[in-house]
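The chains referred to below are lettered A, B, ... by the order of the sequence lines, with proteins before strands, and numbering in each begins at 1. Bear in mind that the values here come from a model prediction, so they are computed numbers and not experimental data. Heavy atoms only: backbone and side chains are in, while hydrogens, waters and symmetry mates are out.
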Amino acid sequence: MASKQITDRAVNHVWKYPDAKLISLGIGDTTEPIPHVIASSMIDYVQALSTPEGYRGYGAEQGNKELRKAIAQKFYKDTGITDTEVFVSDGAQCDISRLQLLLGSNVTTAVQDPSFPAYTDSSVIIGQAGDFDDRNQKYRNIEYMSCGPQTHFFPDLSITPRTDIIFFCSPNNPTGHAASRVQLQQLVEFAHKNGSIIVYDSAYAVYITDDSPRSIFEIPGAKEVAIEISSFSKFAGFTGVRLGWTVVPKELRLSNGFPIINDFNRIVCTCFNGASRISQAGGLASLSSDGFKAARSRIDYYMANAKILLDAFASLGLKVYGGTNAPYVWVHFPGLSSWDVFNMILEKTHIITVPGSGFGPGGEEYMRISAFGNRKTIVEATRRLESLLP
Amino acid sequence: MASMLNHQLSTCAISSSSSTFFNKTNFISSTSSNLSLPLKNPRIQCVANPPAEKTTYTTKVSRNANMAKLQAGYLFPEIARRKAAHMLKYPDAQVISLGIGDTTEPIPEVITAAMAKRAQSLSTIEGYSGYGAEQGEKQLRSAIASTFYKGLGIEEGDIFVSDGAKCDISRLQVLFGSNVTIAVQDPSYPAYVDSGVIMGQTGQFQKDVEKYGKIEYMKCTPENGFFPDLSTVARSDIIFFCSPNNPTGAAATREQLTRLVQFAKDNGSIIVYDSAYSLYISDESPQSIFEIPGAKEVALETSSFSKFAGFTGVRLGWTVVPKELLFSDGFPVAKDFNRIVCTCFNGSSNIPQAGGTACLSPEGVKAMSEVVGFYKENTKIIVDTFNSLGFKVYGGKNAPYVWVYFPGRSSWDVFAEILEKTHIVTTPGSGFGPGGEGFIRVSAFGHRENVLEACRRFKQLYKFISNDESKLLENAWIGKHMVLHLASSRQVYQELGVWSENRPPDNLPQ
């Protein structure tokens, strides 16, 4: 697992250089405090749990109705998605696995290459993926859709075989690319033509700064072919608080006409017991006008970090991608193995990054630099990076 | 059709029944069949440009056959659905819930104060933390090990903190995969069977015996002291065992668990031991499977703060996987469980974890035992009530569940009747497996006055029948309930003031 290897190398490095101040631009973890307006709603909720009037037991497995409504209102206005199609969860990573459980081991899947490892890993665990081929670093039954600069980080669908499920993350982790409306229209058409289901991961949608679509459901016809997962993690700093959601449109049907929302509901009621009510209270507050404004200011902060990092790597003469619609900068080191680059950066600058190969073979030669972090740390990192290349 | 769909979906919040709402015959079809009538009668004119036939789009993704095996919704949303329907029907009724085992009493302040403190610190620079370890916070894992597993050789590293036992069960099932065979107690908490079906470990549901194929159902009845006769149990890879038991309330003895561990050892099986109610034990029954020598090589244990600290909505639990537990090839189960936890989960929420650590402080342990004690007193009141009415009553000593025997009657019928006549929600025993037929589970969570009121209503309902019965029969147990069945329902209902001229008793569930 990439993250364990990264941790191991970091630990070794610190052992080797005990006085080095390690900077992590590695794991995509938020660093700035949760805004007061959001935290105080959770404090109030928790305190109420000690009172007879305020105590609550089990919540609906699908989530608090008010929160479901607020999510639909805030993120899916004008798409026709209603609160009954929104399922609140303890995060996108957990939802991905529940979706896999729902879909079962007999479906075929496609992922972007590179992509967030959970799609592939969960696919392996549930039995869809087949054996790992050491030669090309791919699982035999997974379709890897190459996404590189030459194809504008969008797969060439004309050469992509049909699969039942297509995992698609936009804005993308790790490349930072936000798919354009035209690209997503092509994707939806492709899914329609093939009778496939898109699992669209929009966890970074709030980081979009241009007019790229924030939701797959902005594309006509998407409700018949797509499920969307998202998260409060990167939006409200909830990486430790744990809150996300999945949208399953009523119109999405399996081949026998059965609405998949019914099966997802059954999974949620059997394999899950609802997200923590405390987290949900915080989530609701983050969607209030004040809460959203406060969360936005954190996002803007991280995106300003991203710009600084983007410029820093570009000034080294490297080709840089992402960083404008997502808190990730994707840097190309042509001809070099990404683990070698990881080691070089760590050794020379005491900065932890993530080797692109951790996201699939398509990530080789690239490094993911995450823009989460305190501004001072980010600036210090860029200072150190000046001496990276000879 | 669309509005019906919307209505049905809005009830999805409390119901998970899928096939009952959306079977093939009533999904949306906007095929305009009336426009395709052949023109046999020239007086019927087609519109000049009839709209093209619209067929509903479907993907080409096949439904997971395992999902199709599930018979109906998960049990508890179904109970909630019936409760809600009942409340719509009787908007003025004071419905009392002794059905879903949901805690009702406030969380002690020592615990919520810790959670408030954590939430507060998340809004500060020094106190903010992002992703936590997927296995849980160190101090909580350590506190769980030392509070629940002291002296049993279970360490912090063996503990995996979760968002609850139900979620852990599914993650364990994902870990085990579809090729294992499972055994469950009969009756048992439905999540073991349902998660097994979803994973593909079972065959089809056999309606005649109310069982899924390929599952070994280990009957637990009053006759065998609610412990299976292991000499008649076939080997399975995994044995789900819950003690104190939901729904029967039975706590296995040391001797019984020793036999269970030996059975697992002899068969090379893994016991998944659910100890979510361990703090309700009043006697010497073991509170953990690991009290049994040798258990670490054959068992893992799952538990929860839900019923100890009222964390049903807060969401916190744990699973213990001993280092010594190995698969047939020698691979440690804990390593694979760790991988599952890191891939399919992202850790429990940090705020509940702070609460959990506070629960296990000396003050927190004391506070939890007071809350548990309160529910145990409720349980006693319910047990005494049913005893006084002459029922055969089980459980209630080591668990917050009372398992009441209604011989010769369908438990869904009894459930419906109790709901209709007394506005009390219980849980029908057959919802927990065919071995639950003939029983009703009464849960003891509730405000004291509601529990007392519920018991008053039970006494009214069944004392009346007792009086009637004593005129006809003397010590016939079965007879008593046949009288209930045969006596004029209308008369009974009128006496209880729940009869309405226009409304016969609600449809009995299938």
Side-chain angles (χ1 to χ4, degrees), chain A residues 29-31 33-34 36 39 42-43 46-47 49-52 55-60 62 65 84 90-91 93-94 97 101-105 107 118 121-122 125 164 195-197 224-225 239-242 250 253-259 262-263 265-266 269-273 276-279, chain B residues 5 9-10 12-14 16 18 22 24 27 56-64 66-67 70 73-74 77 100 102-104 106-107 109 112 115-116 119-120 122-125 128-132 163-164 166-167 170 174 178 191 194-195 198 312-315 343-346 349-352:
Chain A
D29 194 3
T30 45
T31 54
I34 293 174
H36 279 290
M42 293 195 285
I43 293 166
V46 147
Q47 286 169 342
L49 290 173
S50 277
T51 68
Y55 180 74
R56 297 285 182 274
Y58 284 118
Q62 304 81 358
K65 197 156 178 63
T84 57
D90 61 327
Q93 185 153 297
C94 319
S97 282
L101 200 55
L102 160 62
L103 295 167
S105 54
V107 297
D121 289 356
S122 60
I125 288 170
D164 292 308
S196 308
I197 295 177
E224 293 174 325
V225 296
T239 42
V241 173
R242 309 308 316 145
K250 302 186 244 325
R253 295 170 186 278
L254 296 157
S255 60
N256 65 354
F258 195 82
N262 296 359
D263 274 351
N265 189 57
R266 184 54 149 102
C269 290
T270 308
C271 307
F272 186 51
N273 228 333
S276 175
R277 283 184 180 271
I278 302 165
S279 311
Chain B
L5 188 61
L9 275 170
S10 68
C12 268
I14 44 172
S16 64
S18 49
F22 295 113
K24 274 187 178 162
F27 65 75
T56 317
Y57 173 85
T58 72
T59 65
K60 294 199 182 98
V61 181
S62 301
R63 187 179 183 208
N64 183 346
N66 297 327
M67 296 301 297
L70 289 168
Y74 188 63
I100 298 167
D102 194 6
T103 46
T104 53
I107 297 174
E109 269 182 48
T112 52
M115 292 197 282
Q120 164 65 23
L122 290 172
S123 67
T124 67
I125 294 171
Y128 180 76
S129 61
Y131 285 118
D163 60 328
K166 192 186 195 192
C167 318
S170 281
V174 168
S178 52
D194 285 10
S195 60
I198 289 170
T312 43
V314 173
R315 309 308 317 146
T343 306
C344 306
F345 186 51
N346 226 331
S349 175
N350 43 20
I351 298 168

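Ile351(B) touches chain A through its side chain: at least one heavy atom from C-beta onward sits under 4.5 Å away, while N, CA, C and O do not. Only the side chain of Asp163(B) has a heavy atom closer than 4.5 Å to any heavy atom of chain A. Within the 4.5 angstrom heavy-atom criterion, atoms from both the backbone and the side chain of Thr103(B) approach chain A. Contacts of Ser105(A) with chain B are absent, with no heavy-atom separation under 4.5 Å from either backbone or side chain. If you measure heavy-atom distances from Ser62(B) to chain A, the contacts under 4.5 Å come from both the backbone and the side chain.
Rounded to the nearest 0.5 Å, atoms CD1 (Ile34(A)) and CD (Gln120(B)) are 11.0 Å apart. If you take OG1 on Thr59(B) and CG on Leu254(A), they are separated by 5.5 Å, rounding to the nearest 0.5 Å. Once rounded to the nearest 0.5 Å, the distance linking CD1 of Ile198(B) with SG of Cys271(A) reads 4.0 Å. Separation of atoms NZ (Lys166(B)) and CG (Asn273(A)) is listed at 4.0 Å; rounding is to 0.5 Å. Atom-to-atom distance recorded for Thr312(B):OG1 and Tyr55(A):OH is 3.5 Å, nearest 0.5 angstrom. Atom-to-atom distance recorded for Cys94(A):SG and Asn346(B):CG is 6.0 Å, nearest 0.5 angstrom.
Chain B forms the most heavy-atom pairs under 4.5 Å with one residue out of Gly240(A), Ala39(A), Ser97(A), Ser122(A), and that residue is Gly240(A). Ranked by heavy-atom pairs shorter than 4.5 Å toward chain A, the options Cys167(B), Ser195(B), Gly130(B) are led by Gly130(B). The residue among Val225(A), Asp164(A), Asp90(A) with the most heavy atom pairs within less than 4.5 Å of chain B is Asp164(A). Residue with the most contacts toward chain A among Ile100(B), Val314(B), Val61(B), Val174(B): Val61(B) (heavy-atom pairs, distance under 4.5 Å).
When all heavy atoms of Gly257(A) and Thr58(B) are compared, the closest pair comes out as CA-CG2, 3.8 Å. Of all the heavy atoms in Arg315(B) and Tyr58(A), the pair that sits closest is NH1-CE2, 3.7 Å.
Using a 4.5 Å heavy-atom cutoff, the side chains of Met67(B) and Asn262(A) are not in contact. Annotation: side chain of Asn64(B) is not in contact with side chain of Asp263(A) (no heavy-atom distance under 4.5 Å). You'll find the side chain of Ser349(B) stays beyond 4.5 Å of the side chain of Ile278(A), heavy atoms only. A heavy-atom distance below 4.5 Å is found between the side chains of Pro33(A) and Ile125(B).
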